[in-house]
Each structure stands twice: as structure tokens, then as C-alpha cells.
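Quick notes on the structure that follows.
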Amino acid sequence: MKRTALLLTICAFLVGLARSQQPTHFDGKTWWGYVKVLADDKMEGRETGSAGLRKAEAYIVEQLKKDGLEPAGVNGFYQPVKFVSRQIVEKDSSLVLVRDGKTQPLTLGDDAIFSTRIDLAPSVEAPLVFVGNGFAVPEMNYDDFAGVDLKGKVAVIMAGAPAEIPGALASHYQSAAERSKALQKAGAIGTITILNPASMDIPWSRISVNRAHPSMALVGEEFDETAGQKLSVIFNPAKAEQLFAGSGHNLQEILDLAKDRKPLPRFPLAVSIKAKAKVEHKTLESANVIARLPGSDARLKNEYVVLSAHIDHLGIGEPINGDRIYNGAMDNGSGSALLLDVAESLKKSPEQLKRSLLFVFVTGEEKGLLGSKYFTAHPTVKTDSMVADINVDMFLPIVPLKVLTILGYHDSDLGEEAGKIAESLGVKPQSDPEPQRNGFIRSDQYNFIRHGIPGLAMQVSFEKGSPEQKIFKDWLTQRYHAPSDDLEQPVDTSAAAKFEEIVRALMVRVADEDQRPQWKQDSFFRRYAQLSPGGN
Ligand SMILES: [Zn+2]
């Protein structure tokens, strides 16, 4: 063996040794211990505003105190948040299609359901127009509403986005706020969304069974992003053919194009809709939980690295296989437990971190990222003092951690730093393998990003076409937002431990780095930092 070859062998051996080194701060067991408490039946699925969620939050506050963290809410660790809940009263509501004066009633639950995410008007009668994927991206001169007359009409939308639109832009402009701005500009008064069978996480039967479950909105005009919208209906794709009758187009043609994520045609439909909606409103209160660990550097301790996770879930709902409690063990008992585990690890092996840390447990995520929307609009520390948000939501340690998906990988220094840490632990980082699922805007990091704060979320993941891909797909179909996301499911605690190690290392690095993380010049989301005062 030549000398250089020998050296290379030794190097390779050392690298291998470093990679095979087990994480040092976590064993997966304490994490699972926290999950067991938070996803216990006693917590009743942690519905926003419920006694179960209050109990879970009280437990979290108790742990944070034990770990020596300081309260950083409004009322101690708590930041109260007010909601109005909306529940459809189906027996007093109806949907009817009208064609050439002939009416055809729809079966609520089977054909379609009302969405109470917007404040439904008591009655709406309007023509329908099919507008493809139903969004506009000014940066790309893409506009599903251009050249179609939508004044006073209801837009029929096929969920999804054409492949030609980059994931971040497609996601952003399909958010409720942005889409509703574009709809309003076009004069539309509502939407009927046909779910796209090619990208549905949850089968229709499960969506339909919980349709009477209340939705929630933040109290306060500043939060009303869907003003002007009177109707919102979700349509079962298996029953959507009737919308196209007499239009010269058919559903299959649309589904075929949507499956391949090709651009969709836009055209007026021959049917119109008559809707009656009775909605019951109630007000309720919930809270975010916020804790601080002060930094040690005289100057940098005034800045915060935020670690966030939503603690709420879906509560008690319609039974599936005899189980009514939607425990949310992975969604997001897992992320909340991770924050507690990291806080505990900092007590056990305290590093003198330069920046301060902010642990933010938000409520109302399942209702549309509402707790984080409230927190970022009314932060308990200055917005520009938050240098980064590392959000942890449903990171799914259900297979060994070999591949890590980083949502926001190439958007900021934060993403690339996370990628380097993953690599140093022998984990392959990748950007979102399924951008059409809109992951980057579907959890709380999005609200931080909209306030100019670099943010990311990470997930245990798979390589496309691998056997693991099916494990994830099956998990979404069967357990996601179902009572079986509970403590009986198999989890890989060593994957959880390794994931925790990555999150912790990233947090420590960002806390100690001289420079705060910057957005990449070409990141779409950089605009929000430029809009907000003090942003980078
Ligand atoms: Zn969820």
C-alpha cells in the first residue's frame, strides 16, 4: 500500500468514525416520554381553546420552569389569544346546482362540503367559472384570472399548481391571504375547490366525516384576510363531473392535465350555484406559551434564536375505528416534545450561548397557523431581535434518519447551515421532494418569514422512489389527522434523537455566530425582510 493511499484510508476511517458517532445530547427516550404525556388521552387531542390544551400547556410551563427558563409571554409564560369559532349547521344549509333553470341539489358530505375557514354569507346565488389552479403570480406573468369575467361569480378551482411555477412562489400565492386578494381584485365572490386526487393527503371519507368540526379565526380586523369572500366549498373530485356538464369540457380532461401538473384551461361553466349556509359563531380564548433562555454576550443577548412548535391539535372528533380522540402524537406532540427535550438538554449541559433563545409553543396552528400569526403580529420581543425561526412540526421519525428534508434549504444561510450539520452526521440533506404539498407555507415558520425573519422546518424524509416513500405516503393516508396518530404507532426513537441533535446544533450555531442569518439574494421570501424595519 502506498503512503498516500494509506493516509486516505486513515482519513476515510476517521470520517467514518465521526459519522458513526452517536448523538451525544439525546437518546430518544426522554423525547418519547414527553410525547407520551402530551398525546395522552387525558389531553383530549389538545383542541384550541379546550381544557385538554390548557392541561398540556400547564405541563409545558411546569417543565420550562424546571429547566430554568424565564417567562416571556404577557401573563407569565402565557400570551392569551382570542378566537371566534364557526360551525356549520348542516340541517339549515344547502347547496344546489342550477342548469337551464333546472335544479340539482348536492348531498352535503358526499358531493361537497362547506368550508367555514371564511365567514360564509347566509345565501349566495352566482354563475360559476372554471379558473384552473386559481391563483396569480405577478413575478411570472402567470394569472389564472386574466381574461375571464369573474365579477360577482364563483371561481371553481382545481387544487394544485403547474410544474412551471417554482414551488415557493406557487405555495405563497396559494395561501389564503394572497389568493383571496387576487380573487377580490378579479371581482369573484367565492370559491369551489375541487381536491386534486394526485395530491390529496387525506381521503375524502375522512375529510367529510369531520366537516361539522368548528373552524376558527383570530378576533380583530387586522387578521381578516378573506374579506369580500362569501362562499367557500370543497368538492369531492369523485363527484365533480356534474360541475362541467354542458361546458364543452369534462372533469377527466382536467384531471389528466392536473396529474402531470400541466397548465389548465379556464372557461365559464354552464351550471350556477345556489348556496344557503347557517353558521354558529362562538368566541373563545387560548394561549401561546413563550419562554426565554438569556444569552451571555453583552450585545448579542438582545437577539433571539426562536425555536417554535405548535402544541394544539384537532381535539375530539368523529370516531374512526371506534376512537374519537385525535391525539396528535406526531402532529405535533413530537415537535413540542422536542422543544422540551432541547430545553432540558441545555440545563444538563449548559453552553454559554451568546444570543438568547426563545421557545415558542403556539396554539391554533391546525386552524390556519393562527397562534403564530398572532405572535408574529404582536411579538413579546422586538420583531427585528428575532434572528431566525427554527420550526418543528410533525418531523416524522418513522424511518431511520438517512435523508433530511429542509423546507427553505436554499432560501437563507439558515437552510445551508442545517444542511452542513446534517452532512456532518452522515445524513443527506435535500430540498422539498414534494413541493406541490406546499410544505413551506403550511406550518408556523411561514408567519415568521412573512415578518422578515429567516425560517425553516425540517423533516425526516426519503429518496424518491425508495421503499420509505411508501411508508410516508401510507402514514399520511392512514394516520395524518386521524385518531391513529397516537401512542400506539411505531416510531424510530434513534431517528428522533438524531433529528434533535441536528436541531440543537443548528440552534447553537446560530446563537453563537457573529453574523445573523441572511436571506439569499435570489430567495423569493427576502422581500419580507426588506419590507420590515430592521430586516436584513
Ligand atoms: Zn396538523
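Worth saying up front: this structure is predicted, and the values here are computed from it rather than measured. One is the number of the first residue; the rest follow in order along the sequence. Counting starts at 1 for both ligands and their atoms, following the listed order.
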- Query: Is F375 close to S308 at the side-chain level, that is, under 4.5 Å between some pair of heavy atoms?
  - Reply: no

- Task: Evaluate the side-chain proximity of T376 to M386: yes if any heavy-atom separation is below 4.5 Å, no if none is.
- Result: no

- Which protein N, O or S atoms sit under 2.8 Å from the Zn ion (ligand 1)? D331 OD2, E366 OE1, E366 OE2, H481 NE2

- Residues which pass side-chain contact (heavy atoms from CB on, under 4.5 Å) with A56, listed by chain and number, not counting sequence neighbours: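 For A56, the residues satisfying side-chain contact (heavy atoms from CB on, under 4.5 Å) (neighbours in sequence not counted) are L38, M43, R46, I311.
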
- Query: Are any of the side-chain nitrogens in K367 or E47 under 4.0 Å away from the carboxylate oxygens of its partner?
  - Reply: yes

- Pairs touching residues 306-339 that satisfy ring-ring contact (aromatic ring centres under 6.0 Å, His included), sequence neighbours left out: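 Counting only pairs at least two positions apart or across chains, the ring-ring contact (aromatic ring centres under 6.0 Å, His included) contacts touching residues 306-339 are H313-H481.
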
- Item | Inter- and intrachain pairs under side chain to side chain donor-acceptor pair (under 3.5 Å), touching residues 218-229, at least two apart | E222-H378, E225-K373

